[in-house]
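The next block holds one structure in the form of structure tokens; read it before the comments.
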Amino acid sequence: MDPAKTSLGKMLLEEITPVVMVLRTPLVEESCLKNSLSFIEMLSPFCDFNNIDVPVRTSSDQPYRLQKFKLRLFYESDIKQPDIVVAKERLKQVITEAGEKDRSDLSTDPLDISNVLASSKSEISPSWFEIFNKELVRTVSFSEHEAFDHPVACVSVVSSKDEQPINKFVDLFNTNKLPSLLNDGAMDPKILKHYVLVHDNKDGPSEKATKILTEMKNTFGFNGCHLLCINSSQDEQIEHQDNPWVPYKFDSSPSQDLGCYLNIDDFNEIKDLIQELSSKHIIPYMEQKVRVLNQQISATRKGFKNQIKNLWWRKGKEDTPDSSNGPMYTYSSVESQIRVLGDYAFMLGDYELALSNYRLISTDYKIDKAWKRYAGVQEMMGLTYFMLDQSRKEADNCMENAFNTYLKLGSSGRQNATRCGLWWIEMLKMKDQFKEAATVYFRICSEELLHSAVMLEQASYCYLLSQPPMLHKYGFHLVLSGDRYKKCDQIKHAIRTYRNAVSVYKGTPWSYIKDHVHFHIGQCYGFLGMYDVAFTHMLEVLACSHQSKATQELFLREFLQIVQKAGKTFEVLRLQLPVINISSLKVDFEDHRTYALPGSTSVKESVWRSLEEDMIPSLPTVRTNWLELQSKLLPKYKESNICVAGEAIKIAIEFKNPLEIPISISSVSLICELSATSDETNSGDHNFNVDADASCSTAGIWNNEEHENLREIISDTSSFSLSEVNISLGGGEANLVQLTVTPKVEGILKIVGVRWKLSGSVVGFYSFGSNYVKKKIAKGRRKAKQSPGNYLKFIVIQSLPKLEGFIHALPEKAYAGHLQNLVLELRNRSEVSVKNLKMKTSHPRFLNIGKQEDLDLEFPACLEKKTNVSPPANPKIASHGVFLFPEDLSVQGENPLLWPLWFRAAVPGNISLQVVIYYEMGDQSSAMRYRILRMHYNLQVLPSLDVSFKISPYPSRLQEFLVHMDVVNKTNSESIQVNQLSTIGSHWEISLLQPIDTIFPSQSLIAGQAFSCFFVLKSCRKSLSTEESTSSLFPHIGSNVSLVPDGSKGAPFDTSKSPLAGFHDYERLQHGISNQEAENAVDFILISRPLKSNSQPGVADAHHVFSHHACHCSTASTSPISWVVDGPRTRHHDFSSSFCEINFRMTIYNSSNALASIILKTLDSTSISDQLSDEASGNQVGWHDVSLAKDSKIESDALRNHVRKSLLPESVSPFIWSGSSSTGVQIKPLSTTEIPLQICVFSPGTYDLSNYVLNWNLIPVNDHESVGERIQSSGTSLGYPYYLTVLPSD
């Protein structure tokens, strides 16, 4: 491509062209201003020639034709280096005007990045960049070291109305107002002069002007004078269709009519003047000067000899200190002449000649350390290489060398570096080196913000145009540019750059820079008053949880300020603040299952089912599960959620504040739609389908259609009522908000979403999309195949009776064993009654149903034993623990049903207590036949008394046991008084082993204290028939022992009546045991009361009673046979006369239900050792210590040694058993028998009468009965020690 046709080539042909200095009188300007133009402005459109076609001959003899040529006209006062402040204002004006002329619609969405990449290069970059760059280049005009800005000619202009016009021409050039370049010797003052006489045709005929022109030619020469007549339009102003002066009038306004008095004749005269001045004067003058200078320089500087001479002359200058300009060079110096030659050759298009002279002078400037001049020459060399389209590498090297040299000069070379960089960038762009061009843009950014903003924006487009596109750098530089535009109040430019950056970062995880862009673009739109667009962008930075607390406060404050300035309420779909946790959505509603308390809905459905399955009525044909039953009772609603008119549907959904700062949320309510049943097929007209995978960044204002549909739904609330909630969320806080909708009429109810108001200013909406909604319906609907869209769709049926239930005084926290009377209140506010009530509890150990007459009892006095004992009446309990209320009982209206309950904290821990109440509708025409009330309570039971019992047979006593009771107070601070210990059942009697004052003087247990006590337990079991009849009449009647001093005793507590007896029955069921094992077991109830002074708030009242139940405490041993030897312990006898005979009686008891066959063997001294050996190898049972198997031999030896010690040393027994050595008896079940025994003692002493054994065998009474697993069917028991002391008589 021809370099002259490129953007850089065109710029060079416009900016590096001959300069003409214009001197004029005020009357000239006065005539021109009639057209709203200055003299130069009037001539400027005609100074640019695209085809001047002038032959030029410079250094060679072969001429070439010059086509493109332009003159730059300047007044003498403007030929100086521009003022920095003025230049900056001019650049700012260019940028501001470009922003005002930007016709792009700022309210539309920015183009997608893919569409941007598909655009052409001209469409990507704004067109005003070229104007800005030209103005930036002109800020370094008229430097003394660059000859292309030095005037080539001087045009003196005088008006025909001036007095003595000839003298005016002379005075104009001789004034002190000439440029400093002429006065300081930087350029040759002998330049081409041309004289122009301007005549205003409105001032009269041109005869006078003609005479003056003749005088001018006589004075200044014939060729250098010219007459220019203007304002030839006499009648009216001329309106030019394509006004040529508009591009050259920077401060023009549309109201100005430029050139209104210039007609076609004036056009031609101006054009001829400039044509003649260029082709016949300036170009020949420059051509002649190039030839002269070339001859001079060739003679003095070119050639090997001249080069050696020049180097020798400059020897030693390398040691001179650096300076920005080096030594002073006047216009007559060889260096200046060479630079003029090079610049003139460049402006005339002889680039080869220009390059050779630039090369020649470059070395001189470098040796002289004239760095600014050296950089300028390097810069021109790079441009010359470009125009020659040769050695692009050399061109880049020269431009880089010049750029770096300018930068080294500091502030004095900064502007020149900018100009060099702009030209270098254009060269790189022509070679498609956009990445390198972007780097140069970044390097020429100055500290001046506006200048940097433009450079950074141009750099961003270079990154976009590079191959492959560098999108991240493109976006980042746009953001940098936008920040600087915003700081300079160039709001529209800032919006443009930010909008382009949005398309880059859309859909990327770069949260911080996206927040930055949206926040600042929102602010910019706010400055322009475009609050709707500003609001949309500010929405994107609301949920900035990753930002710091200060940044979050800033974002929210600016957001609310924009809303306030807009003066209206914004409604936003999927408002990001707060965050809606859709996974937490939970729907609670009631069909035939109702809930008394909110916490009841959190219980698993399987728990409720297990309680209700025995209460739900079954169909007559075949038993079916309750899930299928309701659909059969309500067939037309089989596949739908059902709710009842007038009963609220509760929605729980979590609102979370993702920020660290508090926010205020008000007017939170549901969005619902209720249509008639007949309109069910049309109820889906208002669907708001939101992409379930859309991120929160898609939040925005709804389009018109969606908005109108939503308003229609929200405005129609006549058929249902909604709850509103106001909440305040702290930093990072999440709150589960409970919302309700209560339908008033039958129909199809759809819950569409939720709405709220943020900080009282912005209304947010959230649509419950089907992809988000989990099936979390509290009642556990049966339809596993139900479509997700139906989870929030309900069929509303007619109003039904509904029981409301509450248990009064049920404690949330209690100590284990705490006993209390409660009242169940049931209320039916409907006029339609409910009947056939049933009730069941999940933990009957904790909650028992009382009798209706228990309402009037005074607690705890009602627990005391009465003198008249009658069999207790149990409540009417059906199978599976279902309590049936009286059949004639119904509940309706304002009269509540009160029913007594008994509560006992059975065991420590956290207890979930469920109660279900079944009831049927009194109106048989109701859509539902029955309903169920579900009640749920959470209890915390704290440890109180830890009670344990250990029972062992009483030595030497039949049917009596020692009971060792250990009690530990496990509370933290309570003192508890132990009142009473009772046994359950009529066949046990209990008594203290020692007086209570002796063993328990403190009468109470403080926290952590332990207490042990021994009791004597006596079995009163009679025959089976007598015992069974007594137990059936009074199953819980037992014996009591008071554990308080006699002075503090009151009436004992009656453990045989409700509620103690009822709770004890459930404790026995909890510890399920076989009947045979229960025969040898005893149950205990320990009654205690906490001291009133130590009661804690929130814990059960100290007046209440604690009951501790111990069930199935076994009294059985491995041997069913027990015996006792009864006889004297001391005897006096005169052994001198005869031996002593002593009689004993052995009573044997059979504690089993089988017939016992027993053989008693007494052992004499001769056979005792062998007998013991035989017996020790068998089963040892009875009253003896049980040792480990490995110690059995040691035990046998000990027994054998024990017997031997009682023998005389001479192996003569001191006593013998008299009578039969073996006696056999049979004992009936639970019966005793006596065997008489006698011994003969031969000498005084103390003797152990344990040398006997009992062999026993159990025989079942009936063939089909068994003895029992825990009881051996046969065995041998050794005699236990019985010490007899025989003393001689006096």
Side-chain angles (χ1 to χ4, degrees), residues 7 10-11 14-15 33 35-38 40-42 44-45 48 72-74 78 82-108 110 122-141 240 242-259 415 418-419 422 425-426 441 444-446 448-461 478 480-500 521 524-525 527-530:
S7 58
K10 293 177 181 179
M11 182 185 297
E14 290 181 0
E15 300 300 323
L33 288 176
N35 299 284
S36 301
L37 298 169
S38 66
I40 289 181
E41 290 172 347
M42 184 178 66
S44 293
D48 192 358
R72 292 183 292 157
L73 306 180
F74 294 93
D78 296 332
D83 182 78
I84 298 299
V85 177
V86 176
K88 287 183 178 180
E89 288 298 322
R90 173 58 190 157
L91 291 173
K92 182 178 180 180
Q93 182 182 0
V94 172
I95 296 173
T96 303
E97 290 178 355
E100 296 298 331
K101 294 177 181 178
D102 189 1
R103 298 181 179 180
S104 60
D105 190 357
L106 299 180
S107 61
T108 59
S122 59
E123 293 175 343
I124 291 177
S125 179
S127 59
W128 60 269
F129 281 164
E130 185 177 350
I131 301 174
F132 176 84
N133 292 340
K134 287 181 180 179
E135 291 296 329
L136 200 57
V137 167
R138 291 167 184 169
T139 58
V140 290
S141 301
H240 303 283
D242 295 327
N243 199 312
W245 292 281
V246 172
Y248 301 91
K249 187 70 175 179
F250 298 113
D251 55 351
S252 63
S253 62
S255 60
Q256 289 181 317
D257 194 1
L258 304 179
Q415 290 177 293
T418 300
R419 182 192 65 185
L422 292 175
I425 287 167
E426 294 300 326
Y441 271 127
I444 63 178
C445 291
S446 65
E448 205 280 316
L449 292 178
L450 193 56
H451 171 258
S452 297
V454 181
M455 295 299 114
L456 289 170
E457 185 180 3
Q458 294 188 77
S460 69
Y461 296 126
L478 284 174
L480 294 177
S481 175
D483 290 346
R484 286 161 173 76
Y485 277 133
K486 186 169 176 285
K487 291 178 181 178
C488 297
D489 295 330
Q490 297 292 336
I491 304 302
K492 290 188 176 181
H493 290 295
I495 291 176
R496 184 188 67 255
T497 54
Y498 284 137
R499 277 163 50 91
N500 292 336
I521 195 173
C524 291
Y525 277 116
F527 293 151
L528 299 179
M530 302 174 66

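Keep in mind that what you see is a predicted model, and the values were worked out from it rather than measured.
Taking the ring-ring contact (aromatic ring centres under 6.0 Å, His included) definition, one finds that Phe132 meets it with nothing, sequence neighbours left out. With sequence neighbours excluded, the residues forming a side-chain contact (heavy atoms from CB on, under 4.5 Å) with Ala494 are Tyr485, Lys486, Tyr498, Cys524, listed by chain and number. For Asp489, there are no side-chain contact (heavy atoms from CB on, under 4.5 Å) partners at least two apart in sequence or on another chain.
Note: Glu130 CD to Gln458 CD = 10.5 Å, rounded to the nearest 0.5 Å. The distance from the CG atom of Leu91 to the OG1 atom of Thr139 is 6.5 Å, given to the nearest 0.5 Å. Ile444 CD1 to Leu456 CG: the interatomic distance, rounded to the nearest 0.5 Å, is 9.5 Å. Note: Phe129 CZ to Leu136 CG = 12.5 Å, rounded to the nearest 0.5 Å.
Using a 3.5 Å distance cut-off with no hydrogens or angles, the side chains of Asn133 and Glu426 do not pair a donor with an acceptor. Judged by distance alone, the side chains of Glu89 and Gln93 never bring a donor and an acceptor atom under 3.5 Å apart.
Of the possible polar contacts, none joining the Arg419 side chain to the Gln415 backbone as a donor-acceptor pair under 3.5 Å is found. Judged purely by atom type and a 3.5 angstrom limit, Ser481 has no side-chain atom pairing as donor or acceptor with the backbone of Leu478.
You'll find the side chain of His451 reaches within 4.5 Å of the side chain of Thr418, heavy atoms only. Using a 4.5 Å cut-off on side-chain heavy atoms (C-beta onward), Val454 and His493 make no contact. With a 4.5 Å cut-off on side-chain heavy atoms, Glu41 and Asn35 do not count as touching. Looking only at side-chain heavy atoms (C-beta outward), Gln490 and Arg484 stay at 4.5 Å or farther from each other. Within the 4.5 Å cutoff, side-chain heavy atoms of Pro126 are placed close to those of Tyr461.
The number of heavy atoms from other shown groups lying within 6.0 Å of CD (Glu14) is above 12.
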